[in-house]
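Following: one structure in structure tokens, then a few remarks.
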Amino acid sequence: ALATLAEDVGRPIVIPEWGLVHDDRWGGGDNPLFVRKMHDWMVENDVSFHSYFETDTPDSAHELAGDGDTFTEAAAAFQETFGSASNQSE
């Protein structure tokens, strides 16, 4: 639906925030399949910009590049598909 809308209105797709979560209430935890599927969808739909939510919060974990071991498989999938972290645009 998002890709169709973007095409219909002639605008690029941007995903300003996405990520994994691990806490006692939400999320799929360490999910490399989700990361790979996000990557594939973004490539297939020519996403112009995306930003992974790379900040742990007091009540939940999100960081892939942090020093923890919460998302080891997802972090590897992120590096494999998106490459290393960057704050530069192409």
Side-chain angles (χ1 to χ4, degrees):
L2 180 59
T4 301
L5 175 63
E7 186 176 334
D8 288 349
V9 299
R11 298 288 185 193
I13 299 172
V14 296
I15 311 223
E17 185 177 288
W18 71 279
L20 298 168
V21 65
H22 176 75
D23 65 17
D24 294 334
R25 303 167 309 213
W26 311 100
D30 191 7
N31 191 338
L33 179 62
F34 177 73
V35 172
R36 286 188 185 95
K37 292 289 188 178
M38 284 295 292
H39 173 269
D40 293 350
W41 190 90
M42 289 185 211
V43 169
E44 290 168 12
N45 291 284
D46 197 26
V47 170
S48 296
F49 170 84
H50 78 96
S51 179
Y52 183 86
F53 186 77
E54 182 64 14
T55 302
D56 285 346
T57 60
D59 61 346
S60 58
H62 306 277
E63 285 187 8
L64 294 180
D67 57 4
D69 59 359
T70 305
F71 300 117
T72 55
E73 292 182 30
F78 189 93
Q79 289 250 313
E80 175 186 306
T81 55
F82 290 101
S84 62
S86 173
N87 62 359
Q88 300 175 352
S89 60
E90 295 182 43

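From a predicted model like this one, the values you see are computed outputs, not experimental measurements.
- For S51 against P16, the heavy-atom pair with the smallest separation is CB-O, 3.3 Å.
- Side-chain atoms of L64 and E54, non-hydrogen and from C-beta on, do get closer than 4.5 Å to each other.
- Considering CG of L20 and CG of D30, their distance stands at 7.5 Å, rounded to 0.5 Å.
- Applying the salt bridge (charged side-chain N to carboxylate O under 4.0 Å, His left out) test to every pair with at least one member in residues 36-49, sequence neighbours left out, gives these pairs: R36-E80.
- Using a 4.5 Å heavy-atom threshold, the side chains of E63 and T70 count as separate.
- The two residues H62 and T57 make their nearest non-hydrogen contact at NE2-OG1, 3.8 Å.
- In summary, the aromatic rings of W18 and F53 are positioned with their centroids too far apart to meet the 6.0 Å limit.
- V43 and F82 are members of different hydrophobic clusters when ILVMFWY side chains are connected at heavy-atom separations under 4.5 Å.
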W41 and I15: side-chain contact (heavy atoms from CB on, under 4.5 Å), yes or no, with the steps?
CA-CA 11 Å; W41 190 90; I15 311 223; 4.0 Å; yes

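- L5 shares a hydrophobic cluster with V9; the chain of contacts runs through ILVMFWY side chains whose heavy atoms sit under 4.5 Å apart.
- Looking only at distances, a side-chain donor or acceptor of N31 sits under 3.5 Å from a matching main-chain atom of L33.
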